[in-house]
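Data block below; observations after.
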Number of protein chains: 2
Amino acid sequence: MAAVRHRRGDVVAKAVEVLDTYGLADLTMRRLASELDVRPSALYHHFTNKQYLLAAVADELLERSLKPVEDGPWDARLTAAATGLRESLLAWRDGAELVATVHAFGLGAEKVDDHVAVTLEDSGLNEALRRVVTRTVLHYVFGHATAEQTHLQAASAGALESGDDMSWGAGQEFTAGLALVVDGVRARVSTLA
Amino acid sequence: MAAVRHRRGDVVAKAVEVLDTYGLADLTMRRLASELDVRPSALYHHFTNKQYLLAAVADELLERSLKPVEDGPWDARLTAAATGLRESLLAWRDGAELVATVHAFGLGAEKVDDHVAVTLEDSGLNEALRRVVTRTVLHYVFGHATAEQTHLQAASAGALESGDDMSWGAGQEFTAGLALVVDGVRARVSTLA
DNA sequence: ACCTGAACACCGTTCAAGT
DNA sequence: ACCTGAACACCGTTCAAGT
């Protein structure tokens with residue numbers, strides 16, 4: 001049969017397409033292979049296993065959608081970093097779950113750490129504290145976005161019980177919780193002044 | 001063959017055992033069935049699908065390990081609730097991931113909301129804010145515990161690169177990040193006085 | 001460098017039928 | 001009430017071999 005012949009980048013691009021169209025559960029090696037008109041085993045020429053493929057997909061999503069944070073005071077930048085990351089994750093079907101998993105596994109998505117960490121550079125906090133803040137914010141963003149996206153998909157498929165949707169809207173909920181964390185950071189920064 | 005005949009509770013108990021011994025990836029319907037000396041299809045008499053089984057397992061874990069928070073000022077209680085939840089999740093193999101997933105899907109683990117929420121009852125915060133705080137703390141605990149547990153299993157299996165382990169220890173990291181959030185809450189409570 | 005063919009060892013779920 | 005038997009439609013991964 002006509003050997004289609006792809007490069008690693010083609011495979012990642014198609015994987016992003018499959019993810020965004022059909023969801024993470026349908027992003028299987030076999031499904032991806034068939035979309036590329038190739039046998040499943042061919043994928044193992046490009047990636048040692050599925051985890052590495054997913055890591056590459058997560059990195060690609062972030063590369064495409066995560067914008068650098070603009071200048072300003074540290075608290076505005078920290079808030080913008082968290083908000084921008086959330087929007088970036090929500091921009092892709094199952095983006096939050098994918099990036100959070102890859103990040104937790106330590107195979108990719110390392111750029112999100114920097115994305116948040118750089119906003120604290122002129123906060124006056126020491127490095128250990130900056131790391132704690134960075135991780136706390138990341139856990140919050142990942143947790144909130146994953147729950148939001150999971151909840152949405154659970155509602156769209158299957159029984160969508162209204163009344164369970166927060167009267168606020170998830171965006172305002174997110175902002176309010178984030179402000180809580182930023183205030184906690186501010187309490188530490190102000191003791192340095 | 002000798003029909004073994006189990007009740008729903010037996011199935012859940014065995015599932016907890018399989019989870020804690022072999023991990024979430026090995027908690028399959030087929031594996032569980034074989035441990036119970038039963039055909040896979042028999043499980044569908046007790047649970048409509050795997051999601052519901054997992055929800056029951058998550059509830060069972062929490063039932064067995066999550067202790068109520070002792071009396072005291074609201075901030076000490078909030079801290080204790082979060083710390084107790086973290087310890088409860090870490091007490092079981094893949095406990096954090098399982099409970100977080102079930103919770104996000106809304107099929108179980110609802111008791112964790114109350115576990116945290118009750119500590120805020122005499123904080124003076126209004127209900128909307130108490131909900132924000134509760135969710136923020138839950139996201140933080142789930143995120144931190146899942147990352148910690150995933151990282152541990154990634155390190156135990158496969159390449160364990162040292163130097164990547166935080167110089168603090170995960171417990172102190174957790175405590176420091178939690179204090180951040182609690183300080184953020186305190187900033188709101190103090191404006192009420 | 002990239003792919004096929006064929007296999008291995010698995011999954012979740014359904015459903016008619018048995019006791 | 002609880003289980004079997006048999007099937008359906010899938011998984012990830014390996015590996016020798018082809019071009």
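Naming convention: chains lettered A, B, ... in sequence-line order (proteins, then strands); numbering from 1 in each chain.
- Within the structure, a side-chain polar atom (N or O) of B:His46 is placed less than 4.0 Å from OP1 or OP2 of D:dC3.
- In this structure, the CZ atom of B:Phe47 is 16 Å from the P atom of D:dA1, given to the nearest Å.
- Applying the side chain to side chain donor-acceptor pair (under 3.5 Å) rule to B:Arg130 yields no partners; only residues at least two apart in sequence or on another chain are considered.
- Here B:Trp74 pairs with nothing under the side chain to side chain donor-acceptor pair (under 3.5 Å) rule; sequence neighbours left out.
- In this entry the distance linking CG of A:Leu36 with C1' of C:dT4 reads 15 Å, nearest Å.
- Salt bridge annotation for A:Arg77-A:Glu70: absent, with no cationic side-chain nitrogen under 4.0 angstrom from a carboxylate oxygen.
- Under the ring pair (Phe, Tyr, Trp, His ring centres under 6.0 Å) criterion, the residue pairs touching residues 172-191 of chain A are A:Tyr140-A:Phe174, A:His144-A:Phe174, with sequence neighbours excluded.
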Using distance only, find each side-chain donor-acceptor pair of residues 112-126 of chain A under 3.5 Å and give its atom names and separation, not counting sequence neighbours.
from: A:Asp113; atom 1: OD1; to: A:His103; atom 2: NE2; distance (Å): 2.7
from: A:His115; atom 1: NE2; to: A:Ala81; atom 2: O; distance (Å): 3.0
from: A:Thr119; atom 1: OG1; to: A:Val116; atom 2: O; distance (Å): 2.7
from: A:Ser123; atom 1: OG; to: A:Leu120; atom 2: O; distance (Å): 2.6
from: A:Ser123; atom 1: OG; to: A:Leu125; atom 2: N; distance (Å): 3.2
from: A:Asn126; atom 1: OD1; to: A:Ala128; atom 2: N; distance (Å): 3.2
from: A:Asn126; atom 1: OD1; to: A:Leu129; atom 2: N; distance (Å): 2.8

For this session: Taking Watson-Crick and G-U wobble pairs with both distances under 3.5 Å, convert DNA chain C into its dot-bracket string, 5' to 3', dots for unpaired and | for cross-strand pairs.
Result: ||.|||||...|||||.||
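- Of the residues in residues 9-26 of chain A, not one comes within less than 4.0 Å of DNA chain C through any heavy atom.
- Partners of B:Ala15 by side-chain contact (heavy atoms from CB on, under 4.5 Å), not counting sequence neighbours, listed by chain and number: B:Leu27, B:Leu32, B:Leu53, B:Val57.
- The side-chain contact (heavy atoms from CB on, under 4.5 Å) test applied to B:Lys50 returns B:Met29, B:Leu54, not counting sequence neighbours.
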Kindly list each side-chain donor-acceptor pair under 3.5 angstrom involving residues 186-193 of chain A, sequence neighbours excluded, with atom names and distances?
from: A:Arg186; atom 1: NH1; to: A:Asp75; atom 2: OD2; distance (Å): 2.4
from: A:Arg186; atom 1: NH2; to: A:Asp183; atom 2: OD1; distance (Å): 2.7
from: A:Arg188; atom 1: NH1; to: A:Gly184; atom 2: O; distance (Å): 3.3
from: A:Arg188; atom 1: NH1; to: B:Asp183; atom 2: OD2; distance (Å): 2.6
from: A:Arg188; atom 1: NH2; to: B:Asp183; atom 2: OD2; distance (Å): 3.3
from: A:Ser190; atom 1: OG; to: A:Arg186; atom 2: O; distance (Å): 3.1
from: A:Ser190; atom 1: OG; to: A:Ala187; atom 2: O; distance (Å): 3.1
from: A:Thr191; atom 1: OG1; to: A:Arg188; atom 2: O; distance (Å): 2.7

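- Classification of A:Glu63 and A:Lys111 as a salt-bridged pair holds, one side-chain N sitting under 4.0 Å from a carboxylate O.
- Every residue two or more places apart in sequence or in another chain that forms a side chain to side chain donor-acceptor pair (under 3.5 Å) with A:Arg31 is listed here: A:Glu35.
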Dump the pairs, protein N or O against N or O of nucleotides 13-18 of chain C, anything under 3.5 Å, distances to one decimal.
from: C:dT13; atom 1: OP2; to: B:Tyr44; atom 2: OH; distance (Å): 2.8
from: C:dT13; atom 1: OP2; to: B:Lys50; atom 2: N; distance (Å): 2.9
from: C:dT13; atom 1: O5'; to: B:Tyr44; atom 2: OH; distance (Å): 3.4

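- Screening residues 12-29 of chain B for side chain to side chain donor-acceptor pair (under 3.5 Å), with sequence neighbours left out, gives no hits.
- Annotation: of the two residues near DNA chain D, A:Thr28 and B:Val38, the 5′-most nearest-nucleotide partner is B:Val38.
- Comparing B:Leu43 and A:Arg31 against DNA chain D, the residue whose closest nucleotide sits nearer the 5' end is B:Leu43.
- Residue B:His6 places none of its side-chain N or O atoms closer than 4.0 Å to OP1 or OP2 of D:dA1.
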